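Just so it is clear, the model here is predicted, and its values are computed rather than measured. Atom set for the values below is all heavy atoms of this structure, side chains included, hydrogens, waters and symmetry mates excluded.
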Amino acid sequence: MTSTSTTSSAAALPDHIEHAMLGTMRVPRFEDVLRAAQAIAPYVQRTPLLRSPALDALVGGTVWIKPESLQVTGSFKARGAFNALLALTPQQRERGVVAYSTGNHGQAIAWAARQLGVSATIVMPVDAPKTKVARALAQGAKVVHYDRERESREDIGMRLLAETGGTLVPPGDHPEVLAAQGTVALEALQDLPAGARETLGLFAAPCGGGGLMAGCCLALDALSPGARRVAVEPAGFDDTVRSLRSGRRETNAPGARTLCDALQAVTPAELPFAINQPLLHEAIAVTDAEVARAMRFALEELHLVVEPGGSVALAAMLAGHVSLRGQSAVLVLSGGNVDLSVLQSVMA
């Protein structure tokens with residue numbers, strides 16, 4: 001396990017960043033999270049907060065579980081996808097959208113596009129879970145595969161934009177996407193029992209490119225500033241751990257492997273990192289063995305099917321990498337889209 005820490009407040013956020021590929025980009029604020037919550041409410045699930053006496057006993061505190069595995073499309077990504085597509089002009093909707101994704105974002109874009117009558121092209125790695133590819137195709141999206149070892153999904157996405165005239169909706173570098181991902185924390189904080197928001201000790205969630213945690217940090221900084229914000233990554237893909245330590249976006253080693261297909265980001269996305277660098281308190285990495293244990297616990301004790309990447313925050317808690325010391329916590333299970341063969345091997 002590796003970790004690093006930092007801390008600040010939303011006052012430290014810039015108004016804009018200059019993205020290396022996409023140019024000037026607005027940095028969202030808490031008000032954007034509130035607007036996103038209203039916009040996407042007709043299209044997504046307000047997932048519940050769950051409790052587990054077995055988990056509370058194991059970790060020595062009160063844990064509230066936010067199961068985004070129960071979300072439409074099986075992950076939190078539906079939130080950002082709908083918010084981004086709802087913000088398109090009529091002309092942009094006619095030209096369609098292009099997205100790149102390891103699976104969950106692409107599946108969510110495909111779903112949202114079908115609901116809103118927009119054509120979608122998704123750039124996905126050749127080794128993406130078959131269930132995620134199949135579900136994107138089932139929603140009518142066009143899927144373009146790439147080799148993540150030798151090709152850049154961003155370069156492919158830009159080429160497709162030039163060919164189609166469509167609008168790019170990346171999984172992290174998009175203000176409307178990030179704002180809507182923050183509704184995960186907004187809902188959780190709103191749904192906590194009276195008084196629990198003010199005494200919340202910890203909020204932990206999975207981290208790949210950093211979009212989920214960035215959006216959630218905006219809500220937490222506004223509504224529960226005393227809660228410790230912790231992002232969790234898989235070992236070998238601990239780019240946020242190392243980036244917070246160095247103060248710049250670090251890159252993962254080529255050829256790294258992890259059970260967590262949804263969290264195989266090469267480096268933190270630029271816009272999320274502009275938020276996470278000042279607002280995250282800590283980032284932690286967990287091993288595949290710890291992830292497998294968390295998946296088994298989720299199935300056996302919580303009666304939830306959670307994919308490897310969706311399980312990392314639970315893995316960190318079960319492994320003792322985050323300590324509650326009698327405090328309460330909100331723990332995000334970010335997705336449940338796992339191939340049956342992977343689930344079978346983990347349970348075995």
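The backbone N or O of L160 sits less than 3.5 Å from a side-chain atom of T164, completing a donor-acceptor pair. Although no hydrogens or angles enter the test, the distance criterion places no donor-acceptor pair under 3.5 Å between the side chain of S311 and the main chain of L314. Listed for the Q71 side chain is no donor-acceptor partner under 3.5 Å among the backbone atoms of G335. Distance alone, capped at 3.5 Å, places no donor-acceptor pair between the N83 side chain and the V177 backbone. A donor-acceptor pair under 3.5 Å is formed between the side chain of S101 and the backbone N or O of G103. A donor-acceptor contact shorter than 3.5 Å links the side chain of D173 to the backbone of L271. For the pair E270 (side chain) and A20 (backbone), a donor-acceptor distance under 3.5 Å is present. A donor-acceptor pair under 3.5 Å is formed between the side chain of E290 and the backbone N or O of T287. When atom types are taken as modelled, the side chain of R114 and the backbone of A138 share a donor-acceptor pair closer than 3.5 angstrom. At least one donor-acceptor pair under 3.5 Å links the side chain of H105 to the backbone N or O of V169.
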(message) Apply side chain to side chain donor-acceptor pair (under 3.5 Å) to residues N252 and Q264 and explain how you reach the verdict.
(response) CA-CA 9 Å; N252 293 315; Q264 295 185 74; over 6 Å; no
(request) Dump the intermediate steps for side-chain contact (heavy atoms from CB on, under 4.5 Å) on H281 and V230, then the final yes or no. (result) CA-CA 6 Å; H281 292 108; V230 177; 5.5 Å; no
(request) Step by step, work out the side chain to side chain donor-acceptor pair (under 3.5 Å) result for N337 and R135. (result) CA-CA 10 Å; N337 297 315; R135 288 170 183 168; 2.7 Å; yes
(message) Quick one, Q107 with T73, criterion side chain to side chain donor-acceptor pair (under 3.5 Å). Give me CA distance, side-chain angles, the key distance, then yes/no.
(response) CA-CA 7 Å; Q107 185 178 325; T73 76; 4.9 Å; no
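Put simply, CG on L85 and CH2 on W111 are 14.0 Å apart, with the number rounded to the nearest 0.5 Å. The structure places CD1 of I122 at 12.0 Å from OH of Y100, a figure rounded to the nearest 0.5 Å. In this structure, CZ on R228 lies 10.0 Å from CG on L280, to the nearest 0.5 angstrom. With rounding to the nearest 0.5 Å, the separation of CG in L178 from CE in M25 is 9.0 Å.
In this structure, the side chains of L86 and R93 come closer than 4.5 Å at one or more pairs of heavy atoms.
In this structure, a donor-acceptor pair under 3.5 Å is absent between the side chains of S52 and E301.
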Under 3.5 Å, which donor-acceptor pairs do the side chains of residues 195-210 form with other protein atoms, sequence neighbours left out?
from	atom 1	to	atom 2	distance (Å)
T199	OG1	G195	O	3.4
T199	OG1	A196	O	3.4

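The 12-atom threshold is not exceeded at CD of Q38, counting heavy atoms of other residues, nucleotides or ligands nearer than 6.0 Å.
Across all non-hydrogen atoms, the minimal contact from T183 to A180 is OG1-O, 2.5 Å.
Salt bridge absent: D288 and R257 never bring a charged side-chain N and a carboxylate O closer than 4.0 Å. Look at R248 and E250 and you find a salt bridge, because one of the NZ, NE, NH1 or NH2 atoms lies within 4.0 Å of a carboxylate O, short of that distance. Looking at D32 and R35, a side-chain N of the basic residue comes within less than 4.0 Å of a carboxylate O on the acidic one, giving a salt bridge. Between R26 and E176 there is a salt bridge, since a side-chain N of the basic residue sits under 4.0 Å from a carboxylate O of the acidic one. Ion pairing between a basic and an acidic side chain is recognised when a charged N comes within 4.0 Å of a carboxylate O; R29 and D15 show such pairing.
I284 and L259 fall within the same hydrophobic cluster, defined by Ile, Leu, Val, Met, Phe, Trp and Tyr side-chain heavy atoms under 4.5 Å apart, directly or through other members. Tracing side-chain contacts under 4.5 Å through hydrophobic residues (I, L, V, M, F, W, Y), one reaches V312 starting from L299; they form part of the same cluster.
Screening I275, L22, V27 for a side chain to side chain contact (heavy atoms under 4.5 Å, CB included) with I17, the sole residue that qualifies is V27. Under the side-chain hydrogen bond (donor to acceptor under 3.5 Å, both in side chains) test applied with E68, the options K77, Q45, Q181, R79 reduce to a single match, R79.
A cation-pi arrangement is found for R51 relative to W64, the charged atom lying closer than 6.0 Å to the ring centre and inside a 45° cone about the ring normal.
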